[in-house]
Protein chains: 2
Amino acid sequence: MQNSFTEENYLKIIHALSGRDGVEVSTNALAESTSTRAASVTDMLRKLAEKGLIHYKKYQGVTLTESGEKVAIKVIRKHRLWEVFLVEKLGFGWDEVHDIAEELEHIPSEVLVEKLDAFLGHPKFDPHGDPIPDAKGNLTEPDYLILTDVQVSEKVLMMGVLDHAPSFLQHLDRSGITLGAVIEVKEINEYDKSASVQINGGPTLFISLEVSKNLLVQRR
Amino acid sequence: MQNSFTEENYLKIIHALSGRDGVEVSTNALAESTSTRAASVTDMLRKLAEKGLIHYKKYQGVTLTESGEKVAIKVIRKHRLWEVFLVEKLGFGWDEVHDIAEELEHIPSEVLVEKLDAFLGHPKFDPHGDPIPDAKGNLTEPDYLILTDVQVSEKVLMMGVLDHAPSFLQHLDRSGITLGAVIEVKEINEYDKSASVQINGGPTLFISLEVSKNLLVQRR
DNA sequence: ATATATTTTTAGGTTAGTCTAAATTTTTTA
DNA sequence: TAAAAAATTTAGACTAACCTAAAAATATAT
């Protein structure tokens, strides 16, 4: 049977909060992420459990079942493909696409997704550097480092962001930090852990710890 | 304020049933078109009237107000633009896009629609020959003829269809009747009004009155 | 180990959109 | 034009997804 818009959202959020190791997600965390109250979450959890989409024992938190995981990954695939479409084809900025993709991700039709994927040239990553699951549902999170783990004088490639907030992305735009940029860590300030970094061998700028924590990079 | 998915559908359907001259639409007709019961329609009509989207007096049928008309036309614009996208960019057949566009038409975001329109090159017609309202909401239904109004030995251009049912469109595909085709009426059978027509100066085929009634054409 | 704090669930209610059955209004027909 | 038929509305109920307030379970702290 079909899952509702709301059910799909819960599954997607459980997937995100559950992380790679599939740790239990608490009712309160879900209430926070869905902008609802804990009591509402409990109702939905009972329903998702009845449908076999989550493992749920009262007071113990939830994890996705295999079938719930499948649904979640399909939604994520759709979300990320639509984001690529919005940025690559329609010319949106990477800071503008999240909310629209939140809607598009729930449009049903397997064939639509597959045709969209083909039209976009089977992209492997979305505009924020997040990997796009393939049609079979294989999702391999590449193991990027966080910029805070990079030593002084190392050169790394900018591969993605952890925070997707428009304000953060706009800040990166203004700093010239885009996907694929080469970042060389010139100096790390002991006091506040802010860093001095050079972008693409060009301008050097200061970035706060808050920013460093949200940049995913790769050694070359 | 925002209109719901369901409200938008009612407005769209009232627009369609109301026709160019804005004639009153009956509760039963709406129940039929929305696949709901008359009682449900009445509830919704009260709500739409309260929002100022329709003119409604009990037992008298409804018409759209100016503001209801605006909403309806926006939905129609989105529907038709998405249909163009699905056919032109994703390679769907004209018989496959209706249901998907029914979903996409309710995705909010003005800027999405305008960027989509630009990406598609500001198309004037959708894959079924229906005109696409412009960004200001101007919708001019071109006054095509129905093939039944064409005389023997006249040559006309195939411009659109009245029936959008997949089975009808597939039938046209099999007959080689596509948008833009030149149709010459060779003969009309007095008995059942079926016609013998030549397509693009090539093969001649017989079409039933039922088919003729659903073909929109233009004199050259 | 018990008292307190926190988290989660239950109980009972709300709204949007639907339903059936009954009542009412309009239309048709004789 | 009055009776019958058809269309429409009202009344009362349901489900999904949410809510608040209170109860119960778990976790924390002394």
Side-chain angles (χ1 to χ4, degrees), chain A residues 1-15 17-18 23-64 68 71-72 75 99 102-103 105-108, chain B residues 1-15 17-19 23-64 68 71-72 75 102-103 105-108:
Chain A
M1 71 208 72
Q2 273 281 84
N3 302 298
S4 73
F5 187 105
T6 309
E7 288 167 345
E8 286 189 352
N9 267 334
Y10 270 85
L11 296 173
K12 181 186 63 173
I13 291 170
I14 294 167
H15 179 92
L17 297 179
S18 195
V23 71
E24 280 80 17
V25 177
S26 77
T27 298
N28 265 359
L30 283 168
E32 166 85 35
S33 289
T34 54
S35 302
T36 62
R37 300 318 187 101
S40 310
V41 172
T42 301
D43 282 351
M44 182 56 79
L45 293 184
R46 189 152 16 76
K47 190 172 154 195
L48 292 173
E50 244 157 52
K51 284 186 150 196
L53 296 165
I54 58 172
H55 298 292
Y56 173 52
K57 260 179 289 173
K58 285 203 280 191
Y59 298 101
Q60 308 305 164
V62 293
T63 55
L64 295 175
V71 175
V75 174
D99 291 353
E102 286 294 285
E103 304 278 335
E105 74 188 5
H106 303 290
I107 302 285
Chain B
M1 74 209 68
Q2 272 282 85
N3 302 298
S4 72
F5 188 107
T6 310
E7 287 166 346
E8 286 189 353
N9 266 333
Y10 271 85
L11 295 172
K12 182 187 62 173
I13 290 169
I14 293 167
H15 178 92
L17 295 179
S18 197
V23 71
E24 280 80 17
V25 178
S26 75
T27 299
N28 265 0
L30 284 169
E32 167 85 34
S33 289
T34 55
S35 302
T36 62
R37 299 318 187 101
S40 312
V41 173
T42 300
D43 283 350
M44 181 56 78
L45 294 184
R46 189 151 17 74
K47 190 172 153 197
L48 292 173
E50 246 158 51
K51 284 186 150 195
L53 296 165
I54 59 173
H55 298 291
Y56 173 52
K57 261 179 286 173
K58 285 203 279 191
Y59 298 101
Q60 308 306 166
V62 293
T63 56
L64 294 176
V71 175
V75 175
E102 285 293 285
E103 304 278 336
E105 73 189 7
H106 302 291
I107 302 285

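The sequence lines fix the lettering, A, B, ..., with proteins before strands; numbering per chain opens at 1.
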(message) Contact between A:Leu53 and A:Glu7 at the side-chain level, heavy atoms closer than 4.5 Å - yes or no?
(response) no
(request) Check A:His106 against A:Phe5 and note the closest heavy-atom contact, atom names and distance. (result) CD2-CE1, 3.3 Å
Distance-only donor-acceptor hits, side chain of residues 23-33 of chain B, under 3.5 Å, sequence neighbours excluded:
unit_1  : atom_1 : unit_2  : atom_2 : d
B:Ser26 : OG     : B:Ala29 : N      : 3.1
B:Ser33 : OG     : B:Ala29 : O      : 3.3

(message) Quick check on contacts: within residues 30-37 of chain B, what sits under 4.0 Å from DNA chain D by heavy-atom distance?
(response) none
(request) Provide the closest heavy-atom pair for B:Glu102 versus B:Glu105 in the form atom of the first, atom of the second, distance. (result) O-CG, 3.3 Å
(request) Of all the heavy-atom pairs spanning B:Tyr10 and B:Leu48, show the shortest one and how long it is. (result) CB-CD1, 3.8 Å
(message) Side-chain N or O of B:Tyr10 versus OP1/OP2 of C:dT18: is the shortest distance under 4.0 Å?
(response) yes
(request) Taking all heavy atoms of B:Lys51 and all of B:Asn3, pick out the closest pair and write down the distance. (result) NZ-OD1, 3.3 Å
(message) Do B:Leu11 and B:Val75 have side chains that approach each other closer than 4.5 Å (heavy atoms only, starting at C-beta)?
(response) no
(message) Show the nearest heavy-atom pair for residues A:Ala49 and A:Tyr56, with the distance to one decimal.
(response) CB-CB, 3.9 Å
(request) Provide, to the nearest angstrom, the distance between the CD atom belonging to B:Glu24 and the P atom belonging to D:dA7. (result) 17 Å
(request) Determine the contact category for A:Phe5: base if any of its heavy atoms lies under 4.0 Å from a base atom, sugar-phosphate if only primed atoms, P, OP1 or OP2 are that close, otherwise nothing. (result) nothing
(message) Each nucleotide in nucleotides 4-11 of chain C should get exactly one letter: B, S or -. Can you fill that in based on protein heavy atoms under 4.0 Å?
(response) ---SBBB-
(request) To the nearest Å, give me how far apart CD (A:Glu7) and C1' (D:dT15) are. (result) 12 Å
